[in-house]
Visitor: 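Pasting in a structure now, in structure tokens, and then I'll have a few things to ask.
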Amino acid sequence: MAARRSDVILLLLLLIAGVSVPAAAFETVYAFGDSFTDTGNTHSTTGPYSFGYVSSPPYGATFFHRSTNRYSDGRLVVDFLADRLALPGFLPPYLSPAAANATHGVNFAVAGATAIEHEFFARNNLSVDITPQSIMTELAWFEAHLRRSPAAARAVGDALFWVGEIGANDYAYSFMAATTIPQDQIRNMAVDRLTTFIEALLKKGAKYIIVQGLPLTGCLPLTMTLARPEDRDNISCAATVNQQSHAHNRRLQASLRRLRRQHPAAVIAYADYYAAHLAVMAAPARYGFTEPFKTCCGAGGGAYNFEIFSTCGSPEVTTACAQPAKYVNWDGVHMTEAMYRVVAGMFFQDGRYCHPPFSTLLARRNKGN
């Protein structure tokens with residue numbers, strides 16, 4: 001009894017002092033997605049085309065001070081989620097030895113992964129240098145994890161599922177086949193596969209799911225370099241590519257609304273990466289950025305400091321910019337830790353960018369329903 005009273009007193013003192021108390025509603029997190037969420041399921045040359053040097057410095061230089069096979073200079077949004085929930089450590093990647101004994105969750109995301117199965121791209125001769133894993137591969141890995149851990153299988157309903165960005169690679173891989181494979185076909189197939197994936201999680205008992213939409217893919221240095229100079233929107237990004245991501249997100253949100261109606265007992269939140277990214281690109285200085293377009297770890301100088309055949313970590317690019325925290329983009333596609341920190345704050349603290357807000361999931365979990 002005395003111990004409980006002291007805990008209450010400590011909590012009151014922290015609140016009076018203005019100290020934020022970590023959100024500890026979830027003790028287990030499962031993550032899925034592509035390189036924006038992958039914490040080590042790809043290694044070196046197994047990564048996406050032109051970004052196969054993630055095992056080399058200066059990747060990881062800011063926080064870990066060594067490469068951890070994260071596509072950034074430091075932590076990702078999923079790492080900040082683990083910190084927000086006061087988990088005892090970061091989520092181990094599924095393919096690492098640490099995942100076998102993980103008690104607080106596993107990360108199944110893999111760089112280069114698609115929403116559509118790899119076979120589709122192979123049939124259309126689009127499989128050169130493409131990661132063979134898809135979101136359904138990650139589902140199979142998750143199912144294998146549950147089979148190995150009966151305790152984890154019994155606690156699926158208590159876990160938080162983070163479905164990170166997935167789908168951007170589908171559009172990128174089909175870019176060269178735009179005349180034969182319409183973009184709306186890719187959009188329909190990608191969202192349908194992601195919907196099937198989420199339905200599978202729900203059938204396994206998942207009750208708390210956050211699904212992240214696509215960012216402003218038209219604002220990535222890679223895209224800006226390849227896009228026509230006249231293809232620009234009002235924030236100077238590639239207009240047609242941003243429109244593509246916006247259309248994808250609209251279809252995804254419609255699908256999530258349907259799933260909410262079909263599964264009223266579950267909380268299915270949408271993390272609006274597009275709106276968060278747009279807020280930063282429209283007013284970068286407000287968030288501490290002075291370089292919204294230029295690549296921190298790249299080559300070539302100019303407006304974007306990006307060359308597709310001389311990417312970060314390659315023999316040609318062994319150093320990065322001196323102040324990554326001033327840059328939105330790290331290597332031409334992936335973000336800096338500073339940008340991921342900002343986006344994480346928008347998702348987990350600012351109720352405008354997660355629908356319903358992250359606090360709603362915490363409250364529902366704390367109530368146990």
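Along the sequence shown, residues carry numbers from 1. Just so you know, these numbers come straight off a predicted model, no measurement behind them.
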Visitor: Compute the ring centroids of F142 and Y30, then answer whether they are less than 6.0 Å apart.
Guide: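 For F142 and Y30, the ring centres are under 6.0 Å apart.
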
Visitor: List the steps and the verdict of side-chain hydrogen bond (donor to acceptor under 3.5 Å, both in side chains) for N329 and Y304.
Guide: CA-CA 10 Å; N329 198 276; Y304 310 121; over 6 Å; no

Visitor: Restricting to ring pair (Phe, Tyr, Trp, His ring centres under 6.0 Å), what partner residues turn up for Y287, sequence neighbours left out?
Guide: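 So Y287 forms no ring pair (Phe, Tyr, Trp, His ring centres under 6.0 Å) with any residue.
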
Visitor: With sequence neighbours left out, write down each residue that passes side chain to side chain contact (heavy atoms under 4.5 Å, CB included) with A269, or none if nothing qualifies.
Guide: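 Per chain and number, A269 pairs via side chain to side chain contact (heavy atoms under 4.5 Å, CB included) with I210, C354, P356, L361.
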
Visitor: Are the ring centres of W162 and F358 closer than 6.0 Å?
Guide: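 Between F358 and W162, which both carry aromatic rings, the centre distance is not below 6.0 Å.
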
Visitor: Check the surroundings of atom CZ in R250: do more than 12 heavy atoms from other residues, nucleotides or ligands lie under 6.0 Å from it?
Guide: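 12 or below, so no.
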
Visitor: Quick one: list whatever passes ring pair (Phe, Tyr, Trp, His ring centres under 6.0 Å) with Y94, sequence neighbours left out.
Guide: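 F108, W141.
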
Visitor: Is atom CD of Q185 surrounded by more than 12 heavy atoms (other residues, nucleotides or ligands) closer than 6.0 Å?
Guide: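 Check passes, neighbour count above 12.
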
Visitor: The criterion is side chain to side chain contact (heavy atoms under 4.5 Å, CB included); which residues satisfy it with A206, sequence neighbours excluded?
Guide: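 Once residues adjacent in sequence are excluded, the partners of A206 under the side chain to side chain contact (heavy atoms under 4.5 Å, CB included) criterion are V156, F161, L201, I209.
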
Visitor: Excluding sequence neighbours, so at least two apart, what forms disulfide (SG to SG under 2.5 Å) with C321?
Guide: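 For C321, the residues satisfying disulfide (SG to SG under 2.5 Å) (neighbours in sequence not counted) are C296.
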
Visitor: Who are the side chain to side chain contact (heavy atoms under 4.5 Å, CB included) partners of T195, not counting sequence neighbours?
Guide: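 Applying side chain to side chain contact (heavy atoms under 4.5 Å, CB included) to T195 gives V191, E199, S255, R258, L259.
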
Visitor: May I ask you to decide if D192's main-chain N or O and T196's side chain share a donor-acceptor pair within less than 3.5 Å?
Guide: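 Pair found, side chain donor or acceptor close to backbone of D192.
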
Visitor: Sequence neighbours left out, what pairs pass side chain to side chain donor-acceptor pair (under 3.5 Å) with at least one residue falling in residues 107-124?
Guide: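 Of all non-adjacent pairs touching residues 107-124, those that pass side chain to side chain donor-acceptor pair (under 3.5 Å) are T39-N107, E117-R193.
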
Visitor: Quick one: list whatever passes salt bridge (Lys or Arg N to Asp or Glu O under 4.0 Å) with D79, sequence neighbours left out.
Guide: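 If we apply the salt bridge (Lys or Arg N to Asp or Glu O under 4.0 Å) test to D79, skipping adjacent residues, the hits are R70.
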
Visitor: Step through it carefully: locate the ring centre of F347, locate the ring centre of F80, and say whether they are under 6.0 Å apart.
Guide: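 For F347 and F80, the ring centres are not under 6.0 Å apart.
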
Visitor: Using salt bridge (Lys or Arg N to Asp or Glu O under 4.0 Å) as the criterion, list what pairs up with R257, not counting sequence neighbours.
Guide: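 For R257 there are no salt bridge (Lys or Arg N to Asp or Glu O under 4.0 Å) partners, ignoring immediate neighbours.
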
Visitor: Answer with yes or no after comparing the ring centroid distance for F64 and F90 against a 6.0 Å cut-off, counting only values under it.
Guide: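 Centroid separation for F64 and F90: below 6.0 Å.
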
Visitor: Run the numbers on D158 and K207 for salt bridge (charged side-chain N to carboxylate O under 4.0 Å, His left out), then give the verdict.
Guide: CA-CA 7 Å; D158 296 328; K207 293 174 60 179; over 6 Å; no

Visitor: Can you list everything that forms a salt bridge (Lys or Arg N to Asp or Glu O under 4.0 Å) with R228? Sequence neighbours excluded, please.
Guide: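 Scan of R228 (salt bridge (Lys or Arg N to Asp or Glu O under 4.0 Å), adjacent residues dropped) gives E230.
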
Visitor: Check side chain to side chain contact (heavy atoms under 4.5 Å, CB included) between A247 and all other residues, then give those that pass, not counting sequence neighbours.
Guide: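 A247 satisfies side chain to side chain contact (heavy atoms under 4.5 Å, CB included) with R187 once adjacent residues are dropped.
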
Visitor: Assess the side chains of Y273 and N249: does a donor N or O sit below 3.5 Å from an acceptor N or O?
Guide: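 Side chains of Y273 and N249: no pair found under 3.5 Å.
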
Visitor: Quick test of your reading: applying side chain to side chain donor-acceptor pair (under 3.5 Å), list the pairs with at least one residue in residues 212-221, sequence neighbours left out, ordered by first then second residue.
Guide: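 As it turns out, the side chain to side chain donor-acceptor pair (under 3.5 Å) pairs with a partner in residues 212-221, which skip direct neighbours, are T217-S245.
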
Visitor: Strictly by modelled atom types, are E316 and S314 linked by a side-chain donor-acceptor pair under 3.5 Å?
Guide: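 A donor-acceptor contact under 3.5 Å links the two side chains.
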
